[in-house]
There are 4 protein chains.
Amino acid sequence: MAWANQYRRNEDSRQAILTAALDLCREVGYDALRIEAIARRAGAGKQTIYRWWPSKGVLLLDALTTGSSDSAAFPDTGDLEADLVTQMGSAARNMSTLAPILIGLIEGAHHDPDLAERLSAELITPRREACRTRLQAAVDRGELDPGTDVELLIDQLYGPLYYRLLAARDTLDEAYVRRHLAALLPAGGRATPAVSTSP
Amino acid sequence: MAWANQYRRNEDSRQAILTAALDLCREVGYDALRIEAIARRAGAGKQTIYRWWPSKGVLLLDALTTGSSDSAAFPDTGDLEADLVTQMGSAARNMSTLAPILIGLIEGAHHDPDLAERLSAELITPRREACRTRLQAAVDRGELDPGTDVELLIDQLYGPLYYRLLAARDTLDEAYVRRHLAALLPAGGRATPAVSTSP
Amino acid sequence: MAWANQYRRNEDSRQAILTAALDLCREVGYDALRIEAIARRAGAGKQTIYRWWPSKGVLLLDALTTGSSDSAAFPDTGDLEADLVTQMGSAARNMSTLAPILIGLIEGAHHDPDLAERLSAELITPRREACRTRLQAAVDRGELDPGTDVELLIDQLYGPLYYRLLAARDTLDEAYVRRHLAALLPAGGRATPAVSTSP
Amino acid sequence: MAWANQYRRNEDSRQAILTAALDLCREVGYDALRIEAIARRAGAGKQTIYRWWPSKGVLLLDALTTGSSDSAAFPDTGDLEADLVTQMGSAARNMSTLAPILIGLIEGAHHDPDLAERLSAELITPRREACRTRLQAAVDRGELDPGTDVELLIDQLYGPLYYRLLAARDTLDEAYVRRHLAALLPAGGRATPAVSTSP
DNA sequence: CATTAAACGAGACGGTACGTCTCGTCTTTGC
DNA sequence: GCAAAGACGAGACGTACCGTCTCGTTTAATG
């Protein structure tokens, strides 16, 4: 890796630290996660961590984005609900695994502007952006009502997932995502409301 | 207070500690919140804190529920959307003020079963319960479709609020709540879907 | 001990720290002596050391003066040489045991004004003072020549002991002290010079 | 320098390191002297120091013997006291300048056998040897009493200088050396004892 | 009332971890 | 192939808090 050589950085060490950080955060939680413990488990010196990462939050975020296989990319098959099921189902799976890290980062961001910035730039914003693009396409081609408040809709799509996983500490699976989308969006193409008053 | 006297407990001290905990958590965040700092600011001995609260999470939760003026109580005027605006608007206001504490408690609960239990019992569950009751009443009297998945609807109602406030770190006001509800529920009584396909 | 109670200080802990400091300094030397190692061996927290002693030098000096059985007190039997043999023999014995600590303190004092001050006040000066008093008495009552430079004589009495023990790293016993005094002072009472030219 | 080339060694770097070591030791003391600081000031890599010197003590000793203009050589004009004044006055001047380094080396030698060996071989022993030779010559030609214990006399000559400079941290000048010698040796050639009893 | 038992502010204690500095080794790059 | 530069694992620095444990003092309740 040219980048590693540029900075004379040991890639093995970097990987070991990122892995140790993720594992430990899952085991003990963000609040109890200790830099010393990460160094210990990674077989690294503390200085090596402090040299390359400014805080445990940023280290964790790096670990998350480096190691994560999930992507912000949104499919566009022309079928909005199917595309949303695909993307949000995948997101739900990833989030379930990473819940302890994710909630830690969110908490950390509330009093660390640097972490807040990076969390937004590297995790939140790209996903919103991809979703916004797909939803706007749906609006443009008439899949969604022209008056749709896209930003609000994004909140309504993802909010329940975050809420259920992080606050209610409940499970998140694809079936839930399907039910959620079915209730929120018109199924099939019919103009069925998410919630309808009885006739 | 009979309860206080029973345990020979100093009420002034208790109040000072709860206040200091809330203030400090807002200032430095949950992760950096220190028992010693709380004791210092409250002019209390550390032992007094350790005597009455098992962890900083439980202390904060106590501070939150003791000091909070908001209530889980749901009005039932017969107009579901109006009632939801009333209750969720109030909730949104409270949550905005308490976001740094709330996110800390949620994070803490992810690795502290005791805190998880209490957070659920004292904060989350009562509010869900009250909401569930109101929604079920709406279903029963035909305000909502009989097939409504009430639990899912609760997630869809509150999820975006949590998501926006805690994860996206955005503002939360009554206007947002109104727009959210208008999109999610049929406005006015008409069977307008939350999201409609164009004709 | 009233003093200990006054400051709520744990006397056991204090003793364990002083002992550990002396032992470790003897084992590894002043330069390699670590506060952490002292705490470890004494079964004490580091803060307990930092709370009560400002530096490892002062800690060692405290250990030396607390634990040392030797005294600056000079006997005065009327026989100067005999009194010097008594006192300096005792001093030589003590110094032999404490050489590694003593040289460390002397080295430390060269760049730590606080330690220099205390080392002088608690170790060097009292001994010089006691010796000066005894020598002045000898001058006053005619045991020594009235023109004797007492300060210089003190240097000449103790200098070789320090030199031999610390710089030349040689042994120091009472026989050496006797030969030293015999050569420096007139033996028996005759006016034999310390070093005489041949006739 | 042939020697330098032999080992492909950079003489500039060597000089810069020795100079930096001496200066820094004078500034912060032996205990606080850091290899890293020497490298930094000398503009050298740390490895260059570790490659050529086994310890900071040996490096300092090298610096001392390389840079020092003083010599162990003893003059022999036939006048013992004059020769001693010459040599010891010079020694006193040098020692005054180098006291912080000297005391550091002596301290270091107490727990570093390698340094002890070298310090003796390169600094202490040559000077004692030269002094011994001169004193023995004085004994042989009747300048000193045949029964003189030469080794003891060396201790008595140099001991007070070390004691005064290092332990008592007092000044050392030629006047002191003269007084010291005058009291220890018979002045002029007269058999005046160093210390005499009154008649 | 005086006694007494618990809670209180204070803070020392043995510890763990902080973020920084230095150790001595190792690797990379330039001369 | 040495030298400068500097990353690395290791671990000590001096400080901040952890949660526990006395200290005396204050405060209620009981006898």
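The chains referred to below are lettered A, B, ... by the order of the sequence lines, with proteins before strands, and numbering in each begins at 1.
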> Please give, in whole Å, the distance from dC21(E) P to Arg34(C) CZ?
Replying inline: 17 Å
>> With a cut-off of less than 4.0 Å, is there a side-chain N or O of Thr48(C) near OP1 or OP2 of dG14(E)?
In response: yes
>> Does Glu117(D), at its CD atom, have more than 12 non-hydrogen atoms belonging to other residues, nucleotides or ligands within less than 6.0 Å?
In response: no
>> Please classify the nucleic acid contact of Ala44(D) as base, sugar-phosphate, or nothing, using heavy-atom distances under 4.0 Å.
In response: sugar-phosphate
>> Tell me the interatomic distance from Asn10(A), atom CG, to dG6(F), atom C1', rounded to whole angstroms.
In response: 13 Å
>> Could you check whether any side-chain N or O of His111(C) sits under 3.5 Å from a backbone N or O of Arg26(D), counting only pairs where one atom can act as donor and the other as acceptor?
In response: yes
> Quick one: Ile17(A) CD1 to dC8(F) C1', roughly how many Å, whole number?
Replying inline: 10 Å
> Between atom CG in Asp31(B) and atom C1' in dC18(E), what is the gap in whole Å?
Replying inline: 12 Å
> Quick check: does any side chain N or O of Lys56(A) sit under 3.5 Å from a backbone N or O of Tyr30(A), one acting as donor and the other as acceptor?
Replying inline: yes
> Does Gly43(A) or Tyr50(B) map to a spot on DNA chain F nearer the 5' end, using the closest nucleotide for each?
Replying inline: Gly43(A)
> Taking for each residue the nucleotide of DNA chain F with the nearest heavy atom, is it Leu33(C) or Gln47(A) whose nucleotide lies nearer the 5' end?
Replying inline: Gln47(A)
> OP1 or OP2 of dG14(E) less than 4.0 angstrom from a side-chain nitrogen or oxygen of Ser13(C), does that happen here?
Replying inline: yes
>> Distance check needed: dT22(E) C1' versus Ile38(D) CD1, whole Å only.
In response: 12 Å
> Which nucleotide, dC2(F), dA12(E), dG14(F), lies nearest any side-chain atom of Trp52(C)?
Replying inline: dA12(E)
> Between dG19(F), dG24(F), dT20(E), which one does the side chain of Lys46(A) approach most closely?
Replying inline: dT20(E)
> How long is the line joining CH2 of Trp53(D) and C1' of dT25(E), in whole Å?
Replying inline: 18 Å
> What is the distance, rounded to the nearest whole Å, between atom CD1 of Ile35(C) and atom C1' of dG14(E)?
Replying inline: 16 Å
> Taking atom CG of Leu119(A) and atom CG of Leu115(A), what is their separation to the nearest 0.5 Å?
Replying inline: 6.0 Å
> From Ser55(D) OG over to Arg118(D) CZ, what is the distance, rounded to the nearest 0.5 angstrom?
Replying inline: 7.5 Å
> So, is Arg40(D) close to the dT22(E) phosphate, meaning a side-chain N or O under 4.0 Å from OP1 or OP2?
Replying inline: yes
> Quick one: Arg8(C) CZ to dG9(E) P, roughly how many Å, whole number?
Replying inline: 14 Å
> Taking the side chain of Arg51(C) as its heavy atoms from C-beta onward, which of dC8(F), dA12(F), dC13(E) lies nearest to it?
Replying inline: dC13(E)
> When the nearest nucleotide of DNA chain E is assigned to Gly45(C) and to Ala37(D) on a heavy-atom basis, which residue is associated with the more 5' position?
Replying inline: Gly45(C)
